[in-house]
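Per chain, numbering begins at 1; letters A, B, ... match sequence-line order.
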Protein chains: 2
Amino acid sequence: MPAPRGHAPSMRDVAQRAGVSHQTVSRVVNDSPNIRSDTRERVLQAIEDLGYRPNGLARALAHGRSRRIGLLMESSSHYGPMNMLRGVELAARRAGYAATTFGVTSPDEFDEGIDFLRDQRVDALAIIAPRAQSLESLARVTLPQACVLVGSMPPDADGFGPIPSLPRVGVDQALGARLAVQHLIASGHRMIAHLAGPADWFDAQVRRNEWFRTLEAAGLETPPTVEGDWRPQSGYDATDALLAIPGVTAVFAANDQMALGLIHGLSDRGLAIPGDLSVVGFDDIPESAHFRPPLTTVHQDFQAVGEAAVDLLLQRLGEASHGSPQQIVPELVVRTSTAPA
Amino acid sequence: MPAPRGHAPSMRDVAQRAGVSHQTVSRVVNDSPNIRSDTRERVLQAIEDLGYRPNGLARALAHGRSRRIGLLMESSSHYGPMNMLRGVELAARRAGYAATTFGVTSPDEFDEGIDFLRDQRVDALAIIAPRAQSLESLARVTLPQACVLVGSMPPDADGFGPIPSLPRVGVDQALGARLAVQHLIASGHRMIAHLAGPADWFDAQVRRNEWFRTLEAAGLETPPTVEGDWRPQSGYDATDALLAIPGVTAVFAANDQMALGLIHGLSDRGLAIPGDLSVVGFDDIPESAHFRPPLTTVHQDFQAVGEAAVDLLLQRLGEASHGSPQQIVPELVVRTSTAPA
DNA sequence: ACGGTCAATGTGACCGTTAACATTGAGCCG
DNA sequence: CGGCTCAATGTTAACGGTCACATTGACCGT
């Protein structure tokens, strides 16, 4: 590897050294046909000698495609968003795209993020906007044609949402919630409480709604919900409010972390799980299997979500697509935090 | 907002509409001095009318700086790496840089990742390579001058490592481990076992080494370690091996997840924590405070690590720096999984 | 009144590619 | 053996900015 003197070598440098025109170098690099093999050889040698690497910026500028996707995300350390981020990035890379991430901490910054990524001329845009407020700010902006909403599934089955035109991929939250609640019903529970996530999060809305509907459909009572903020502490803090519900024997927590906090709170009060109360979570974080007791929960495959998102974007970009589904199917994982009533 | 017809408007389009030269538009955009205010006004109006946005690619090509940093990471879903990723991305953004992430799943792909990011002409490179194997493949490659290793702190205090020349930032793992072990010693424990992370991870090496040294320095016995893979299950599986150590009354687990699995395993065997055995973890994941019992552990501020990494890169790039430390100080969080022997 | 200074703007080249078209020369056929 | 085809290569112009330098006037002091 030669020491880089001054600038990195350009196509012209290679051309000069190989005694050809820069266009021929370009042809070799993009292995187009109709190059005499000895010419190709000579060019390749020059490339190696100089340690030449094509400039992606220039290539993108001329060609009009940057082979990068923008990843706009409401940056939180929550398990779901983080793993979707990872899923999308990984899937993008597998498709030959790099992901340029723009994390925002407040919904106001979404506009800025879109502008930035658009200025960067990303080919496509994946948006992780788990809260309603985030989407509202998106509604005001012109979005690129290749754009997908990752994980923000609409709160109602009829597809209602602030930006109806935007395609979405994600885990079927309603199905997940239904699986959880039906499992409790099937275990004989008659009074099933819900420890909800923050009301402005789509996932929290869907899980709550479906909990409600499933209970109604089964002719069961629907006690008032208690709202947490996804964090364990909020589950802990919700303990008394949940125990205040007369006859409660089971709780469907909107995520595993709050379920953990709740379990902590219950055991602090000398209650046994699942003896006194059954608890179901949502997410299946890696720790859940080793909670005390191991948590019954709903597993979401975020890797698959990323795959689906990228697949959809590639399709929009006119590239081959695997035909991934847009709704990923969650699975109930039954452990020992639930038992017959 | 005008409907974009064909291409996005360029500087020349704006210039034409405002009746000035493209250079004047450039001046307005970069608000350089010596522009008559009515000219500026006219240009700004044209920009607004056309919905013009400067092309970041072209700008980067001409200017030689892309205002992006590359983020090369051995992609795992582990808590540490994930949060460093987030920390770096956030800090970069705050400094006006976007992060282009390239996640690899195997160390072999590091070369590819470096090439890719270099081709993309990122201004700087942050590398999250938590395993020794990853760094080996880095040693073979020419790295850009603005490059930092995030979180791969050297296994020995003397700075030994495969790539000595590369600057590093991260949490002081040795200090963290010392805090954990000294806490146990101070609580009167005499036989303190270690549930180690995978031997090829730097953090695992440092934590293990420091556990060893601290025990030696205190004149205590150093029982054989048990090695896990960071995941809760491996902690669970290690239970019997740890209990086989004669006289053991405390375990220092190399991360919280394994500590959780261990606690699970212990309670399955009817042992009380901390009554029969004290357990300390490492990381302070959000769940730790609500484990049963709440876990004594070592807190790492990954946000600060990201900040420090970006700070160092900016310095290398000749921009202002905050003078962040390169070693972030961890903190012991004492909860109730530890008690006097 | 006249050269000098300086603010305000324009001109052309350049960054490193790709795309479109032009050019060369060898092989082939009638 | 002239014209045609086609493979192999070169030439020139984009792409959309920035930079270095040239060009205008207006204002100034003497």
Side-chain angles (χ1 to χ4, degrees), chain A residues 4-44 46-47 50-68 115-116 118-123, chain B residues 4-44 46-47 50-68 115-116 118-123:
Chain A
R5 36 136 211 278
H7 311 293
S10 81
M11 206 161 241
R12 256 121 183 152
D13 299 327
V14 175
Q16 186 169 1
R17 183 173 235 270
V20 296
S21 79
H22 62 110
Q23 181 61 299
T24 300
V25 176
S26 170
R27 289 196 178 96
V28 170
V29 168
N30 301 302
D31 44 39
S32 65
N34 302 344
I35 299 271
R36 235 175 33 218
S37 60
D38 64 322
T39 308
R40 181 201 314 284
E41 216 54 49
R42 205 144 31 92
V43 170
L44 287 176
I47 287 178
L50 267 49
Y52 166 76
R53 305 239 79 215
N55 183 324
L57 290 176
R59 205 194 277 247
L61 180 59
H63 191 262
R65 305 211 138 181
S66 61
R67 293 203 74 78
R68 279 184 300 142
D115 284 346
F116 183 93
R118 155 119 26 89
D119 293 356
Q120 286 285 324
R121 295 307 193 266
V122 294
D123 293 336
Chain B
R5 35 131 213 280
H7 311 293
S10 81
M11 204 160 241
R12 259 113 183 157
D13 298 328
V14 175
Q16 186 169 1
R17 183 174 235 270
V20 296
S21 78
H22 61 111
Q23 180 62 306
T24 301
V25 177
S26 170
R27 289 196 179 96
V28 170
V29 168
N30 301 303
D31 44 40
S32 63
N34 301 344
I35 299 270
R36 233 175 34 219
S37 62
D38 64 324
T39 309
R40 180 200 316 284
E41 215 54 49
R42 207 143 30 92
V43 171
L44 286 176
I47 287 178
L50 267 48
Y52 166 77
R53 305 238 82 215
N55 183 325
L57 290 177
R59 205 194 282 245
L61 180 60
H63 193 262
R65 305 211 139 182
S66 62
R67 292 203 75 78
R68 281 184 299 144
D115 284 345
F116 182 94
R118 154 120 27 91
D119 293 356
Q120 286 286 323
R121 297 305 192 266
V122 294
D123 293 336

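Summarising the geometry, the separation between CD1 on A:Ile47 and P on C:dG16 is reported as 16 Å, rounded to the nearest angstrom.
Residues satisfying the ring pair (Phe, Tyr, Trp, His ring centres under 6.0 Å) test with B:Phe116, not counting sequence neighbours, are B:Phe102. Scanning for side chain to side chain donor-acceptor pair (under 3.5 Å) contacts around B:Asn55 gives an empty result, with sequence neighbours left out. A search for side chain to side chain donor-acceptor pair (under 3.5 Å) contacts involving B:Arg12 returns nothing, not counting sequence neighbours.
Residue pairs meeting the salt bridge (charged side-chain N to carboxylate O under 4.0 Å, His left out) criterion with at least one partner in residues 14-25 of chain B, sequence neighbours excluded, are B:Arg17-B:Asp49. For residues 24-36 of chain B, the set of pairs meeting the salt bridge (charged side-chain N to carboxylate O under 4.0 Å, His left out) definition, not counting sequence neighbours, comprises B:Arg36-B:Asp38.
Pairing of D:dT30, defined by two Watson-Crick or G-U wobble distances under 3.5 Å, is identified with C:dA1.
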Nucleotides 7-22 of chain D: protein proximity per nucleotide (B base, S sugar-phosphate only, - neither; heavy atom, under 4.0 Å)
-SBBBB--BBBBBB--

